[in-house]
Each structure stands twice: as C-alpha cells, then as structure tokens.
*Asks:* 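Submitted below is the structure of interest, expressed as structure tokens.
Along the sequence shown, residues carry numbers from 1. First listed ligand is number 1; within each ligand, the first listed atom is number 1.
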Amino acid sequence: MTTTTLQDRIQLSLARIQQRAPGCAPRLGLVLGSGWDGIAELVDGAIDIAYAELPAFPGLGVAGHAGTLRLGQIGGRAVALLRGRQPAYETGDAAGMKGAVRTLAALGCSSLLLTNAAGSLEPHMPPGSLMLISDHLNIVQRTPLHDEPGASRFIDMSAAYDANLRDQAAAAAEAAGIELHEGVYAWVLGPQFETPAEIRMLRAMGAQAVGMSTVPETILARHAGLKVLGLSMLTNLGAGMAPQTLSHAHTLHTAQATAALAARLLAAIVPALDV
Ligand code: HPA
C-alpha cells in the first residue's frame, strides 16, 4: 500500500477537478450546511464530482448530506459548492475539512462562504431566521492546525469574518427584502445538544447563536489565505429558552421549511460579493 500525504491528495483532487471541469476557475467556494442546499438547484452549467472521487475530500456520515462538489455559475459568478461537510463530532477531529478547503484555495478561490444550521440564543431571532456571522467563540478550544509546521499556524483571527464581504452580504439581503440578523456564533462539539445551563453560559459570554460546525473551516480558510463569510440558519431557540426538546429531526424539519428563503438569500448575495 502506498501512503500519500495531504499535499499529494490535494494535487490529485485538483487534477481530477481540472479533468472533469476543464477551465473552471471559481473565486468563491460555498460550504452548504443543513437547510442551505437549495442553492445547488440554481447553479447554471453544473458539473458534479462525488467527494469519493476526490482524495482530499472527506467521507461523510450524516444522512441528508450529498457529499458532492458542484461546479458552475450562480448569477454569472463561477462557484464551487461543497454539498456536505465533515464536522468534528463525526470523528473527534477538527481537521476533517482541511483537504477540501485547501483544494478550493489551490483551485483559485479567494473567498469561502460557510453556512450552517444553529440554535438561536436571542428571542428576537426565532426559528427560521437568518444570521450573518460577525465573529465566533471557539468554545471547543480545538484547532485543525496543531500539526502545521512552524510559525505559519499562529494565524491572526482578529478579522476572521471579512468586513467588506459582510457589508456586501447585508446590503444584498436588504435589497432582496430578506431580514438578516448579525451576531457571534459559538462552536460546540456536539453531537449532543446543550443543557440550559450551557445556553445561559453562552449567552453570558456574548454569543447569539450556537452550532456544531463552521469554526474549524473558518480557521482552515484563514490559514489558507481565504476571506470568510459565514451565515447561520436559526432552526430552534437554545435549550431551556422555549418549552421544547431538541432533536436532529426537529432541526432538519425547520431547516427544510426555511430552505427556500436561504436559497433566495444566497442567490442575492453570491453575485454581489467582491471576490
Ligand atoms: N445547538 C447546537 N447546534 C445546533 C442547534 C443547537 O441548538 N440547532 C442546530 N444546530
């Protein structure tokens, strides 16, 4: 058996993409989380490549995630959609998306738009609301960069979510008549939901949303030199904030009910970004 390095697997993935979609040159990558996949239907000239064909891309566990790279255009802008991610709760490893993010960077992407489903920590952001991520709290205190050599891993995170992209996204949402909140996203490992005490802690710490993904990808993207834009779909109020029990089925149900709005938001934002 031959062992390949991550760098080898990225090069193999790049070659496979260039073979299947010659000349494709996306500047923007999107990672589509729960509820956000509807935009995939709005891609012109779509070319699909299964993650299984791309050795740097992750194997996937959660049902409902396609595990497909879709290349094409949205509103005339060349994009690369990652339909499915590998969150750290699947493997205990925060670096599951390292190869995929680096392949996008090698493909020429300058920016990465990360999407997720999250719990709301604010009563004025009810289930079905959408939120622009202004910053994050890495509650898990894990990193996908621990094995990076030397000084390159000490990346600055003081402007993790690009201010210009945020302004452009907010303006595009407003022009489309879509309400877009803004707030801090707290990353918890999961897969269990939080306790009410944990939700009170997160609110006291200054978070407006809580979820189980995205932050490792933001770190990877910043390390790879990509600008980041983050969007959350709030599928529920945090544990203890409403008389409810939380479940993955409930999350997916709200995500499906909000999918058309999320697709409309992305269709408005993607062409408006200066990437
Ligand atoms: N907590 C963590 N992750 C989530 C939630 C939640 O309440 N809802 C959707 N993803």
Side-chain angles (χ1 to χ4, degrees), residues 30-39 60-66 82-94 96-97 113-142 144 161 180-219 230-263 265-266:
L30 290 86
V31 179
L32 301 177
S34 301
W36 291 93
D37 196 61
I39 190 68
L60 298 184
V62 170
H65 286 177
L82 273 64
R83 306 178 70 188
R85 56 156 53 95
Q86 185 181 70
Y89 64 73
E90 293 277 349
T91 59
D93 177 7
M97 296 296 284
L113 200 172
L114 300 170
T115 64
N116 60 52
S120 171
L121 305 180
E122 295 288 340
H124 75 274
M125 302 193 303
S129 311
L130 301 169
M131 188 189 93
L132 190 57
I133 300 177
S134 58
D135 204 347
H136 74 224
L137 290 173
N138 181 348
I139 299 295
V140 181
Q141 281 296 295
R142 290 208 202 158
Y161 299 88
L180 185 58
H181 300 276
E182 187 162 347
V184 172
Y185 173 91
W187 174 42
V188 294
L189 184 58
Q192 73 286 349
F193 289 99
E194 298 70 47
T195 64
E198 287 166 342
I199 292 296
R200 290 194 297 276
M201 174 191 76
L202 294 171
R203 296 184 73 185
M205 289 173 129
Q208 280 74 48
V210 56
M212 304 176 190
S213 68
T214 302
V215 165
E217 295 150 23
T218 298
I219 297 169
L231 294 167
S232 290
M233 170 191 288
L234 289 326
T235 54
N236 55 277
L237 289 168
M241 292 175 65
Q244 63 185 359
T245 53
L246 297 179
S247 68
H248 189 57
H250 177 267
T251 297
L252 288 183
H253 183 264
T254 313
Q256 265 161 26
T258 315
L261 180 66
L265 179 69
L266 289 179

*Asks:* Is the side chain of Arg142 donor-acceptor paired with the backbone N or O of Gly92 at a distance under 3.5 Å, no angle test?
*Replies:*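 It does hold such a pair.
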*Asks:* Among all residues two or more places apart in sequence or in another chain, which pass the side-chain contact (heavy atoms from CB on, under 4.5 Å) test with Gln256?
*Replies:*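 None.
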*Asks:* Less than 3.5 Å apart, any donor N or O on the side chain of Ser134 or Tyr161 sitting next to an acceptor on the other?
*Replies:*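 Side chains of Ser134 and Tyr161: no pair found under 3.5 Å.
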*Asks:* Just by modelled atom types, is the Thr195 backbone N or O under 3.5 Å from a matching donor or acceptor in the Glu198 side chain?
*Replies:*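 Yes: the side chain of Glu198 pairs with the backbone of Thr195.
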*Asks:* Tell me which residues fall inside the under-4.0 Å heavy-atom shell around ligand 1.
*Replies:*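 Contacting ligand 1 under 4.0 Å are Ala117, Ala118, Gly119, Phe193, Glu194, Val210, Gly211, Met212, Thr235, Asn236, Leu246, Thr251.
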*Asks:* Apply side chain to side chain contact (heavy atoms under 4.5 Å, CB included) to the pair Thr214 and Tyr185, showing each step before the final yes or no.
*Replies:* CA-CA 9 Å; Thr214 302; Tyr185 173 91; 4.1 Å; yes
*Asks:* Just by distance, do the side chain of Gln208 and the backbone of Met131 share a donor-acceptor pair under 3.5 Å?
*Replies:*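 Here the side-chain-to-backbone pair does not exist.
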